[in-house]
There are 2 protein chains.
Amino acid sequence: MIQLTKRTEYGLIALVHLADAALTGRDGAFVSVREIAEHYPVPKRLLAEVLKDLARAELVESARGKDGGYTLRRQPDQITLAEVVAALEGRPSISSCETAERSPSSSNCGLEPVCPIRSPLHRVREGIWGLMERTTLRSLAQTSSLVQAGPLLQPKALT
Amino acid sequence: MIQLTKRTEYGLIALVHLADAALTGRDGAFVSVREIAEHYPVPKRLLAEVLKDLARAELVESARGKDGGYTLRRQPDQITLAEVVAALEGRPSISSCETAERSPSSSNCGLEPVCPIRSPLHRVREGIWGLMERTTLRSLAQTSSLVQAGPLLQPKALT
DNA sequence: TCAAATAGCACGAAATCCGTGCGGATTGCT
DNA sequence: AGCAATCCGCACGGATTTCGTGCTATTTGA
């Protein structure tokens, strides 16, 4: 399926929110999960889980305790969509061998020169990957900041 | 998840095989599912299901009865990866509204001018889609035809 | 009449993803 | 010291999607 996971979408929403917060005044301040979840129809608990993963991937910095939260570790134009996807879904299987058209005769497709030929689908995925590497958080944020006007409550699962 | 389905991979394998068959001599002849399945480690039954879908999408033409099978309906450079994906997984949700960042205040996001702004992820997916529209079956086939040398039996599920 | 092949439908199994529960550790404020 | 807010880590049940298969009907050529 060519579709981002909910987790990734939630993560992007959070990152865009952090980018906005950094640009509009309070730079360096930590934004809590609660605040982010109050603005979008997103399950708070899952958002927290996603932000933890983003922290592990060192895309955001976390602070515990009161007044804690998350903040971007780099500038919005220094964070790519590819990094976010890799952090939350794992980098798609581009590097090693694919599933299909794999002949059982070849051992394990180490570094043989035939390997890139055998799976032309790799190039397609690399194209997609390159597209995401060229898409920065900044380019995502600047267009969506217009709609993040009013806070809205969570319609479902307001845990 | 940014990954093609097994069904799509199987479909592409079949289409590449059909393209090869059309180019190397026997043009117009119908290739059976059995023959295709004998060349790749692919569950025959599922391959048949996939080819049926491709026939419904009018990408291939089918012939029943003895000496029946499938054949390409167009030239390999006239069939795009996007068409195959659309036929086998359904066109990804680019046209209408996405899941995330959808404010409950807006009714159903019909044709309002704010809609393309609200989901910057749409542009990413359109980019991916465009990439697949520009990838023809021919470009996939010409690189992989080198490896389709010897027929190989199915390692698993040789039904 | 028979064998080979596609067409159609539907079903169980497997994998993935979603969302949540629970306890622990930190930190700032009173 | 105590308390409340917040992140951290692990793990689990349920929902959704996908995979693969079974069965039967229909068509076609020998």
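As the structure is a prediction and not an experimental result, all values here were calculated from the model. The chains referred to below are lettered A, B, ... by the order of the sequence lines, with proteins before strands, and numbering in each begins at 1.
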Quiz item: Quick one: which of B:D77, B:L72, B:I79 gives a side chain to side chain contact (heavy atoms under 4.5 Å, CB included) with B:Q75?
Solution: B:D77
Quiz item: For A:K66 and B:V33, take the nucleotide of DNA chain C holding the closest heavy atom to each; which residue's nucleotide lies nearer the 5' end?
Solution: B:V33
Quiz item: Judged by atom type as modelled, is there a donor-acceptor pair below 3.5 Å linking the side chain of A:T24 to the main-chain atoms of A:D20?
Solution: yes
Quiz item: When all nucleic acid strands are considered with a 4.0 Å heavy-atom cut-off, which category describes A:A63: base, sugar-phosphate, or nothing?
Solution: sugar-phosphate
Quiz prompt | Between P of C:dT20 and CZ of A:R7, the distance in whole Å | solution = 14 Å
Practice problem: Compare side-chain N and O positions of A:R34 against OP1 and OP2 of D:dT6 and report whether any pair is under 4.0 Å apart. | Solution: yes
Practice problem: Select one nucleotide: of C:dC18, D:dC19, D:dC23, the one nearest the side-chain heavy atoms of B:R45. | Solution: D:dC23
Self-check item: Phosphate OP1/OP2 of D:dT6 contacted by A:Y70 side-chain N/O (<4.0 Å)
Solution: no
Self-check item: Presence of donor-acceptor pair under 3.5 Å, side chain of A:E49 and base of D:dC7
Solution: no
Quiz item: Taking B:E83 for the side chain and B:L59 for the main chain, is one N or O donor matched with an acceptor at less than 3.5 Å?
Solution: no
Quiz item: Would you call B:E9 and B:K6 a salt bridge, taking side-chain N to carboxylate O under 4.0 Å as the test?
Solution: no
Quiz item: Given atom CD of A:Q3 and atom P of D:dT16, what is their separation to the nearest angstrom?
Solution: 14 Å
Practice problem: Using a cut-off of strictly less than 4.0 Å, decide whether A:S62 has a side-chain nitrogen or oxygen near OP1 or OP2 of D:dC8. | Solution: yes
Self-check item: Separation of atom CG in A:L88 from atom C1' in C:dC17, rounded to whole Å
Solution: 13 Å
Quiz item: For DNA chain C, whose closest nucleotide is more 5', that of A:T8 or that of B:A48?
Solution: B:A48
Practice problem: Can you tell me the distance, in whole Å, between the CD atom of B:E38 and the C1' atom of C:dA5? | Solution: 14 Å
Exercise. May I have the distance from B:K44 (atom NZ) to D:dG22 (atom C1'), rounded to whole angstrom?
Key: 14 Å
Quiz item: Roughly, in whole Å, what's the span from CG in B:L54 to C1' in C:dA7?
Solution: 14 Å
Quiz item: Taking CD from B:E58 and P from C:dA7, how many angstroms apart are they, rounded to a whole number?
Solution: 13 Å
Quiz prompt | A:K52 or A:D67, whichever maps to the more 5' nucleotide of DNA chain D | solution = A:D67
Quiz prompt | Side chain B:S32, main chain B:E35, donor-acceptor under 3.5 Å | solution = yes
Quiz item: Hey, does the side chain of B:R56 come within less than 4.0 Å of C:dG8's phosphate (OP1/OP2), counting only N and O?
Solution: yes
Quiz prompt | Atom-pair distance (CD on B:E61; P on D:dT28), nearest Å | solution = 13 Å
Quiz item: Do the side chain of A:R64 and the base of D:dG9 come within less than 3.5 angstrom through a donor-acceptor pair of N or O atoms?
Solution: no
Practice problem: Compare side-chain N and O positions of B:Y10 against OP1 and OP2 of D:dG20 and report whether any pair is under 4.0 Å apart. | Solution: yes
